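All of these numbers come straight from a predicted model, not from anything done at the bench. For the single chain, residues carry numbers from 1 onward in sequence order.
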Amino acid sequence: MILDTYHILIVLCIVTIISYIFNIISDRLKVPSVILLIVCGMILKVVGDQYQMNFLVPRTVLELLGVIGLIMIVLEGALDLKITPDKKKLIIRSLLSAVSVLFITTIAIADILHFAFEIPFKQALPYSVAMGVISSAIAIPSVNNLSADKREFIIYESTFSDILGIMLFNYVISDKLLSLNTGLVFVWNLVLICLVSIICTVLILILLKYLKGHIKVFLILSILILVYSLSKQWHLPSLFFILVFGLVLNNAEPFLKGWITGFLNPGKLNSVNRELKGMTAELAFLIRTFFFLLFGYSIDISLIISVPVIITGSIIIMVILLIRYVFLRYISKTNVFPELFIAPRGLITIILFYSIPVELMSDKFNEGVLSFVILISGLIMMFGILFSKQKFKVENELQAY
């Protein structure tokens, strides 16, 4: 069946409307909309198989949507965060959580893949990093109804996890893991992205003063994506730049005094901040819709339901939760619920998986494990948030009596 232009437009519009309905259902039932989109994609695949109306989803399309979606979602989260002196402990705690949990989880998953599929440890590392990173693309939109401190912890932690995951991924795919040269490159990349982020952010803020007309937001987004892409070409953790820009723009007002106003226009910054918040939210919604729907469509259901995949995937999920519980309970000594369950794998997992060099790919790895971990971690997050809300509701009612 060949679709003409108007058939394609009809399909795109219907998908967008369905996604909006999923958002409403998600808010009421506390079911992450991305899970509904993935399941919807899987159902479409089954129906397509039944009526022989399938099409191949190119990896390039998924990767392109994934990268732009990741940028929009992190920017959207950063534009909602306010940095104040009392947030220092929260930021440090979320950073320590992202670093510790990511590193330990990566080693543990690599060991599991090594013993389960007999994959050499070095080849197992890229796969384990991909499954060890918390997906901010799923975590951030799912915590809107939590308290401010819990929501901010998840936003910071998941964003740091994405950034550090990309850095660790670039490190493990290098030729020599344990060498002085590789370690120095790792540190240099971290220093360089900090400098790039500060310089580019300041230049963009200065540029805003001289922009005239109504077309500003797409120009800014184009510059952000350009800097992100160029930084990726230099193997830098470019997501850090997006986080820094969003945080600076949303927290610039207290510093706009005296001689600084000669370089920056406070009125324009506030105006652009408001417009950018609205635009990034809309774009993140649209890109997330098509990415997760197409990802669900591309999943081979027969792989997910195979016994080896279920066993290996379940062990990985249990290890992820165990390491996270130990850190939150005994090291961070902070809230365990619902933070324990908010560790979904998703968009960043898929992007890193598609970025594994050919020489490090293993024929022994079953892609069903990746899909299984993404789906089950999302479902665990959903039930964890639901359970925690009911628990706190009961506790509040008991306290009232």
Side-chain angles (χ1 to χ4, degrees), residues 1 3 8 10-27 29-70 72-73 127 130-131 133-142 283-306 309-310 313-314 316-317 343-355 365-383:
M1 180 180 179
L3 299 178
I8 294 172
I10 290 169
V11 170
L12 293 178
C13 291
I14 289 174
V15 167
T16 305
I17 293 168
I18 290 173
S19 180
Y20 182 77
I21 294 171
F22 281 171
N23 263 11
I24 298 173
I25 295 172
S26 173
D27 288 338
L29 300 180
K30 313 307 176 191
V31 179
S33 59
V34 293
I35 298 297
L36 296 175
L37 288 169
I38 291 173
V39 172
C40 183
M42 294 170 68
I43 292 172
L44 287 175
K45 177 70 177 295
V46 172
V47 173
D49 287 340
Q50 190 72 26
Y51 293 96
Q52 297 183 343
M53 295 173 58
N54 284 325
F55 66 93
L56 182 65
V57 181
R59 273 195 173 190
T60 307
V61 173
L62 271 179
E63 193 171 355
L64 179 63
L65 287 174
V67 169
I68 298 175
L70 185 63
M72 293 300 110
I73 289 164
Y127 295 101
M131 288 186 281
V133 179
I134 297 173
S135 173
S136 59
I138 297 181
I140 292 175
S142 303
L283 286 174
F285 162 77
L286 193 63
I287 294 169
R288 188 167 59 237
T289 294
F290 291 102
F291 176 84
F292 284 106
L293 188 73
L294 289 174
F295 172 68
Y297 185 87
S298 66
I299 291 175
D300 188 341
I301 299 175
S302 63
L303 290 179
I304 297 179
I305 60 177
S306 68
V309 165
I310 292 174
S314 298
I316 290 174
I317 290 290
R345 272 56 183 169
L347 193 150
I348 186 67
T349 302
I350 301 163
I351 291 174
L352 293 180
F353 175 72
Y354 288 160
S355 302
F365 180 78
N366 191 325
E367 290 188 25
V369 174
L370 195 81
S371 302
F372 181 89
V373 169
I374 291 172
L375 284 172
I376 300 302
S377 63
L379 291 173
I380 288 173
M381 180 186 71
M382 177 187 77
F383 289 116

To the closest 0.5 Å, what do you measure between [atom1] ([X]) and [atom2] ([Y])?
X	Y	atom1	atom2	answer
L70	E63	CG	CD	11.5 Å
C13	I18	SG	CD1	11.5 Å
I316	I376	CD1	CD1	12.0 Å
I380	L375	CD1	CG	11.0 Å
M72	F285	CE	CZ	15.5 Å

For this session: Could you pull out all residues at least two apart from E367 that satisfy salt bridge (Lys or Arg N to Asp or Glu O under 4.0 Å)?
Result: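 Salt bridge (Lys or Arg N to Asp or Glu O under 4.0 Å) check on E367 returns R59.
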Heavy-atom check, side chain of [X] versus side chain of [Y], under 4.5 Å:
X	Y	result
I43	V46	no
L379	M382	yes
I138	F292	yes

Measure across [X] and [Y] and return the closest heavy-atom pair with its distance rounded to 0.1 Å.
X	Y	result
V67	I351	N-CD1, 3.7 Å
A139	I134	CB-CG2, 4.5 Å
L65	I287	O-CG2, 3.1 Å
K45	Y297	CD-O, 3.2 Å
V369	V309	N-CG1, 3.8 Å
M381	P344	SD-CG, 3.7 Å

Exercise. Hey, is OH on Y20 packed in by over 12 heavy atoms from elsewhere, all under 6.0 Å?
Worked result: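 Count not over threshold, so no.
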For this session: Only one of V61, I350, L62, L293 passes side-chain contact (heavy atoms from CB on, under 4.5 Å) with S298; say which it is.
Result: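 So the option named by the test is L62.
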For this session: For the pair S377 (side chain) and R345 (backbone), establish whether a donor and an acceptor sit closer than 3.5 Å, ignoring hydrogens and angles.
Result: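 At least one qualifying donor-acceptor pair exists.
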Problem set entry | Check: A130 main-chain N/O paired with T349 side-chain donor or acceptor under 3.5 Å |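 Here the side-chain-to-backbone pair exists.
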In a table with atom names and distances, give each donor-acceptor pair under 3.5 Å that connects a side chain of residues 32-42 to protein atoms at least two apart or in another chain.
residue: S33; atom: OG; partner: N23; partner atom: OD1; Å: 3.3

Results of side-chain contact (heavy atoms from CB on, under 4.5 Å) for [X] - residues two or more places apart only:
X	value
S371	F295, I299, I304
L12	I8, F290
I17	I21
I140	I73, S136, I155, S158, T159

